[in-house]
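A, B, ... follow the sequence lines: proteins, then strands. Residue 1 opens every chain. Just so you know, these numbers use all the heavy atoms, side chains as well, and skip hydrogens, waters and symmetry mates.
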Protein chains: 2
Amino acid sequence: MLYSIGEVAKKLDISTYTLRYYDKEGLLPFVDRNAAGRRVFKDEDFNYLETISCLKEAGLPVKQIASFIELCLAGDRTLDERYDFLLEQETDLEAKMASLQHTLDFLRWKKWYYKRALAAGTESVNCLPETTLTDPAVRAKFDQLVADGADPKQLGELDRT
Amino acid sequence: MLYSIGEVAKKLDISTYTLRYYDKEGLLPFVDRNAAGRRVFKDEDFNYLETISCLKEAGLPVKQIASFIELCLAGDRTLDERYDFLLEQETDLEAKMASLQHTLDFLRWKKWYYKRALAAGTESVNCLPETTLTDPAVRAKFDQLVADGADPKQLGELDRT
DNA sequence: ATAAAAGTTAGAGCTAGCTCTAAGTCAAGC
DNA sequence: GCTTGACTTAGAGCTAGCTCTAACTTTTAT
């Protein structure tokens, strides 16, 4: 099976502009051309496209993805380099996810903070007297609930019955 | 305690340029000025700065963060809006993390793929005969190992003794 | 045979998020 | 009193990643 750039764009739900931009940046050196100079995608190209979209999702800049694709096309002598590259991306992504988990923890603490404020009708229930500084005891209370096994997501959940 | 823009920049490990840019974009309306017009940060401002850096980490555009900060300064009448905002960010971030988990799964499958290729000395062990299409049976094997309880991270780990 | 749809290139334009420069003010140390 | 360094503003400049335009060619449908 062969596919035009428009068909590929539709399948991957991206614009033909973007695909041509990727090609220009060296992400699609594997794409063939027909006699008229039009891009012709093959079934096996979707292997590469899947890899590209994965690396993009992981947050890699286009140039780095291009150099990985280049390694792929260079044949079996770059197998170890490709493995190392993927290992590095795995490590980076694990770090990123850990960081996002902290961000999520923060959002949940703040949700609980606002749930308390809503119940009291005022944010000041969470603050030290006469200030807008968060009362460390309030934060400690939240941490304690979580340490005692409460689900941080549900702790901040509002009853809207 | 009061802090200059330079001190805050050092504490947060960002540039003073960036802090002024944030101010220009409305992220720091809470920062006071001294008689000479210089920015003066208070201890309680770090509450906001922590929130800002959390929302940035979550991937929110600066303008959206600015509108949340505006809500915060508007007082108790916006408590419910602020709660809803955080709830939405939590939902979005959960979706994002799920998507990154898929990306990580893909990287680990590819690591295993290359581990196999390295062991054989050639990528073709993973492909259908006479093609560069990944053999579905190879992929299925990996999925089976994971389904049987193997750690996808360790499956692709290389022995480098 | 011709009109519409889809492809091609080169290159301009756009947005977000910084990052820096220029010209000037202010504060601290010698 | 003078230099050094940190601050101020307005606005220019930069990069990444698209996104689109213009001018042209090819393919498809009527």
Side-chain angles (χ1 to χ4, degrees), chain A residues 1-42 45 48-49 51-70 89 92 96 99 103, chain B residues 1-42 45 48-49 51-70 89 92 96 99 103:
Chain A
M1 271 295 280
L2 301 176
Y3 310 83
S4 72
I5 193 171
E7 290 167 329
V8 174
K10 203 170 280 180
K11 271 199 190 214
L12 304 185
D13 197 31
I14 54 179
S15 74
T16 56
Y17 298 139
T18 302
L19 275 171
R20 288 196 201 96
Y21 163 71
Y22 286 170
D23 196 6
K24 214 185 315 191
E25 295 297 311
L27 260 63
L28 315 177
F30 49 81
V31 177
D32 292 336
R33 300 289 183 124
N34 67 13
R38 299 195 168 185
R39 291 175 186 81
V40 175
F41 291 75
K42 310 170 289 301
D45 295 346
Y48 288 115
L49 291 168
T51 301
I52 288 168
S53 99
C54 161
L55 295 175
K56 262 187 52 61
E57 174 66 30
L60 257 82
V62 164
K63 278 174 208 289
Q64 269 191 71
I65 304 179
S67 65
F68 179 72
I69 297 293
E70 207 181 323
Q89 300 320 316
D92 289 359
K96 192 170 177 174
S99 157
T103 301
Chain B
M1 271 294 282
L2 300 176
Y3 310 83
S4 71
I5 194 172
E7 290 167 328
V8 174
K10 203 169 279 179
K11 270 201 191 212
L12 304 185
D13 198 31
I14 55 178
S15 74
T16 56
Y17 298 139
T18 303
L19 275 171
R20 289 195 201 96
Y21 163 71
Y22 286 170
D23 197 6
K24 213 185 315 191
E25 295 297 310
L27 259 64
L28 315 176
F30 49 81
V31 176
D32 293 336
R33 299 290 182 125
N34 66 15
R38 300 195 167 183
R39 291 174 186 82
V40 176
F41 292 75
K42 309 169 290 303
D45 294 348
Y48 287 115
L49 291 169
T51 302
I52 288 169
S53 99
C54 162
L55 295 176
K56 262 186 52 61
E57 174 66 29
L60 257 83
V62 164
K63 277 174 210 286
Q64 269 192 70
I65 303 179
S67 65
F68 179 72
I69 297 292
E70 206 182 322
Q89 299 321 315
D92 289 359
K96 192 170 177 173
S99 157
T103 301

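Comparing A:Thr18 and A:Asn34 along DNA chain D, the residue whose closest nucleotide (by nearest heavy atom) sits nearer the 5' end is A:Thr18. Checking A:Lys63 against B:Gly37, the closest nucleotide of DNA chain D that is more toward the 5' end is the one next to B:Gly37. Comparing A:Ile5 and B:Arg38 along DNA chain C, the residue whose closest nucleotide (by nearest heavy atom) sits nearer the 5' end is A:Ile5.
Across all strands shown, A:Arg39 has heavy atoms under 4.0 Å from sugar-phosphate atoms exclusively, and none from any base. When heavy atoms are screened at a 4.0 angstrom cut-off, A:Lys24 is found touching base atoms of the nucleic acid. Nucleic acid contact for B:Ser4: sugar-phosphate only, since backbone atoms but no base atoms lie under 4.0 Å from a heavy atom of the residue.
Rounded to a whole Å, the OH atom of A:Tyr3 is 15 Å from the P atom of C:dG7. In this structure, CZ of A:Arg33 is placed 8 Å from C1' of C:dT8, rounded to the nearest angstrom.
Two residues are said to be in side-chain contact when any heavy atoms from C-beta on lie closer than 4.5 Å; B:Glu57 and A:Ser99 meet this criterion. No side-chain heavy atom of A:Asp45 sits under 4.5 Å from any side-chain heavy atom of A:Tyr3. Counting only heavy atoms from C-beta outward, the side chains of B:Ile52 and B:Leu28 approach each other to under 4.5 Å.
Between B:Thr16 and B:Gly6 the shortest heavy-atom distance is CG2-CA, 3.9 Å.
Ion pairing between a basic and an acidic side chain is recognised when a charged N comes within 4.0 Å of a carboxylate O; B:Arg33 and B:Asp23 show such pairing.
Dense packing is recorded around CD of B:Glu7, with more than 12 heavy atoms of other residues, nucleotides or ligands lying under 6.0 Å away.
Along DNA chain D, read 5' to 3', the first and last nucleotides having any atom under 4.0 Å from a heavy atom of chain B are D:dA6 to D:dG11.
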